[in-house]
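Working notes, structure below.
Keep in mind that this is a model prediction, so the values were computed, not measured. Just so you know, ligand 1 is whichever comes first in the structure, and atom 1 is the first atom listed for that ligand.
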Amino acid sequence: MTKLQKKDINISLTKNPKQKPDQSNLGFGNHFTDHMFTMEWNVDKGWYNPQIVEYAYIPMSPALISLHYGQSIFEGMKAYIANGEPVLFRPEENFKRLNQSAERLALPQIDEDFALTALKTLLEIEKDWIPTLEGTSLYIRPFMFGADEFLGVKASSNVKFIIILSPSGAYFKDGLQPNKIFVEDEYVRAVRGGTGYAKAAGNYAGSLLGQKKAEKYGYAQTLWLDGVEQKYVEEVGAMNIFFKIDGKYVTPELNGSILPGITRDSIIKLLKHNGEVVEERKISIDEIYEAADNNKLEEVFGTGTAAVISPVGELFDGKKKVVINNFETGEATTKIYNQLTGIQLGKVEDSFNWVHKVK
Ligand code: PLP
Ligand code: COI
């Protein structure tokens, strides 16, 4: 099978460019740019037909295999304008993780270099869509799904890969304001040997009932516990989680059931670079409650591409309530937020070489 290159991408530009939305009122995931990248795969042919076309509805059969059996994965990344130029943050990590998800869902591997080339080509066309107001970015959503028209349960012989772009504001309305998180001890998100480490669409479908429950109690997101003992902290709905306990940072270790967040990895590296102690280990919800009771739970924050850094101000499991740092954004959270966003926006030295120019 031939290796696809930039020159193979067929580009047909829209004749009807859309009006760009007001940057001060974007919300998250509401608006889409003029174009998208699409490519197809067939078990005999490999990947073919890479193209950039007008963002439009895609025709599909009611028997589309992934609608019925959820053979569907996605990624989330962002483009920013840093010093006047479009940039990406660690994009190769997202395509690497897309391939890890693809393997788990029996979807084909993509050529990570070509996927990045395709994204950059799309971004060159859409660069005027990258918002510049503080807290905004162009959210990038690559995704892949089984495209067979077939009702048997099997790995699809035809697959589609698409990248769409969405100018977005903060994922949480309140920006760097503390969120209230509901500790879920009834439903679980992922189990040992399951798909938790993959960015599989079905993981999110399975989390919605827990999310609704959290919202019913007035909480923004769910804190998931492990699927075996329902005792150890895993992650939040769309974020990994960090606890600052008695001067040290603790985050759940990658155990196969949590998503290996790229922001999580970046924060671990930045904290260590700052001389902090970071422990990646099992951490039980009881240890968190105990630390809170002993005034040792200093700060809690979530990390994710969409959410960036999100302070947690309160944890509640239906019985026990823990308020963190008087429901204020703490110093450590603010520092790491400024450091990460400073690197992404080209205002802080990028000593890890994480920022990629689009051109
Ligand atoms: N955990 C879940 C379930 C997520 O959906 C996300 C978002 O992508 C994360 C963690 C954070 O991952 P990343 O930092 O790579 O965005
Ligand atoms: C991201 O942070 O990119 C995510 O994928 C979160 C999302 C489910 C909105």
With Phe89, the side-chain contact (heavy atoms from CB on, under 4.5 Å) member among Lys78, Gln344, Met77
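The side-chain contact (heavy atoms from CB on, under 4.5 Å) with Phe89 is passed solely by Gln344 among Lys78, Gln344, Met77.
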Fit a plane to each ring of Trp47 and Trp41, take the angle between them on a 0 to 90° scale, and name the class: parallel (under 30°), tilted (30 to 60°) or perpendicular (over 60°).
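Ring orientation, 0 to 90° scale: tilted.
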Can you sort out which atoms of ligand 1 are near [X], meaning under 4.0 Å from one of its heavy atoms?
{"X": "Gly304", "answer": "11 (C), 14 (O), 16 (O)"}
{"X": "Arg97", "answer": "12 (O), 13 (P), 15 (O)"}
{"X": "Gly261", "answer": "12 (O), 13 (P), 14 (O), 15 (O)"}
{"X": "Ile262", "answer": "13 (P), 14 (O), 15 (O)"}

So do the side chains of Leu105 and Met144 get within less than 4.5 Å of each other, counting heavy atoms only?
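In short, these two side chains do not touch, never coming nearer than 4.5 Å.
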Report the nearest protein non-hydrogen atom to [atom]: residue, atom name, distance rounded to 0.1 Å.
{"atom": "atom 14 (O) of ligand 1", "value": "Thr263 OG1, 2.5 Å"}
{"atom": "atom 2 (C) of ligand 1", "value": "Glu235 OE1, 3.4 Å"}
{"atom": "atom 16 (O) of ligand 1", "value": "Thr305 OG1, 2.6 Å"}
{"atom": "atom 6 (C) of ligand 1", "value": "Ala238 O, 3.3 Å"}
{"atom": "atom 4 (C) of ligand 1", "value": "Tyr204 OH, 3.4 Å"}

Tell me, please, which residues at least two apart from Lys18 pass salt bridge (Lys or Arg N to Asp or Glu O under 4.0 Å).
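Salt bridge (Lys or Arg N to Asp or Glu O under 4.0 Å) check on Lys18 returns nothing, list empty.
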Residue list, salt bridge (Lys or Arg N to Asp or Glu O under 4.0 Å) with Lys6, at least two apart or on another chain:
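If we apply the salt bridge (Lys or Arg N to Asp or Glu O under 4.0 Å) test to Lys6, skipping adjacent residues, the hits are Glu124.
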[X], [atom1]: over 12 other non-hydrogen atoms inside 6.0 angstrom:
{"X": "Glu92", "atom1": "CD", "answer": "yes"}
{"X": "Lys213", "atom1": "NZ", "answer": "yes"}
{"X": "Gln109", "atom1": "CD", "answer": "yes"}

Among Phe145, Tyr204, Phe161, the one residue meeting ring-ring contact (aromatic ring centres under 6.0 Å, His included) with Phe74
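Among Phe145, Tyr204, Phe161, the one meeting ring-ring contact (aromatic ring centres under 6.0 Å, His included) with Phe74 is Tyr204.
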For ligand 2, would you mind listing the residues that have at least one heavy atom less than 4.0 Å away, ordered by chain and number?
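Within 4.0 Å of ligand 2, protein side: Phe28, Phe74, Gly76, Tyr139, Arg141, Tyr171, Lys199, Tyr204, Ala238, Thr305, Ala306.
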Please determine whether any non-hydrogen atom of Gly237 lies less than 4.0 Å from an atom of ligand 1.
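For ligand 1, residue contact (heavy atoms, under 4.0 Å) with Gly237 is present.
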Mind listing the closest non-hydrogen atom pair of Ser257 and Ala190 along with its distance?
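Heavy atoms of Ser257 and Ala190 come nearest at O-CB, 3.4 Å.
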If you look at every heavy atom in Gly76 and Asn94, which pair is closest and at what distance?
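Scanning both residues, the minimum pair turns out to be O-ND2, 3.0 Å.
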Side chain, backbone, both or neither: which part of [X] comes within less than 4.0 Å of ligand 1 when only heavy atoms are counted?
{"X": "Thr303", "result": "backbone"}
{"X": "Lys199", "result": "side chain"}
{"X": "Glu75", "result": "neither"}

Can you pull out every ring pair (Phe, Tyr, Trp, His ring centres under 6.0 Å) where at least one residue sits in residues 12-36? Sequence neighbours excluded, please.
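Checked against ring pair (Phe, Tyr, Trp, His ring centres under 6.0 Å) - neighbours excluded - the pairs reaching residues 12-36 are Phe28-Tyr139, Phe28-Tyr171, Phe32-Tyr55.
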For the 3.5 Å polar cut-off, considering only N or O atoms, please tell me whether Arg189 and ligand 1 meet it.
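No.
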Test of ring centre spacing under 6.0 Å for Tyr217 and Phe182
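Judged by ring-centre distance (under 6.0 Å), Tyr217 and Phe182 do meet the cut-off.
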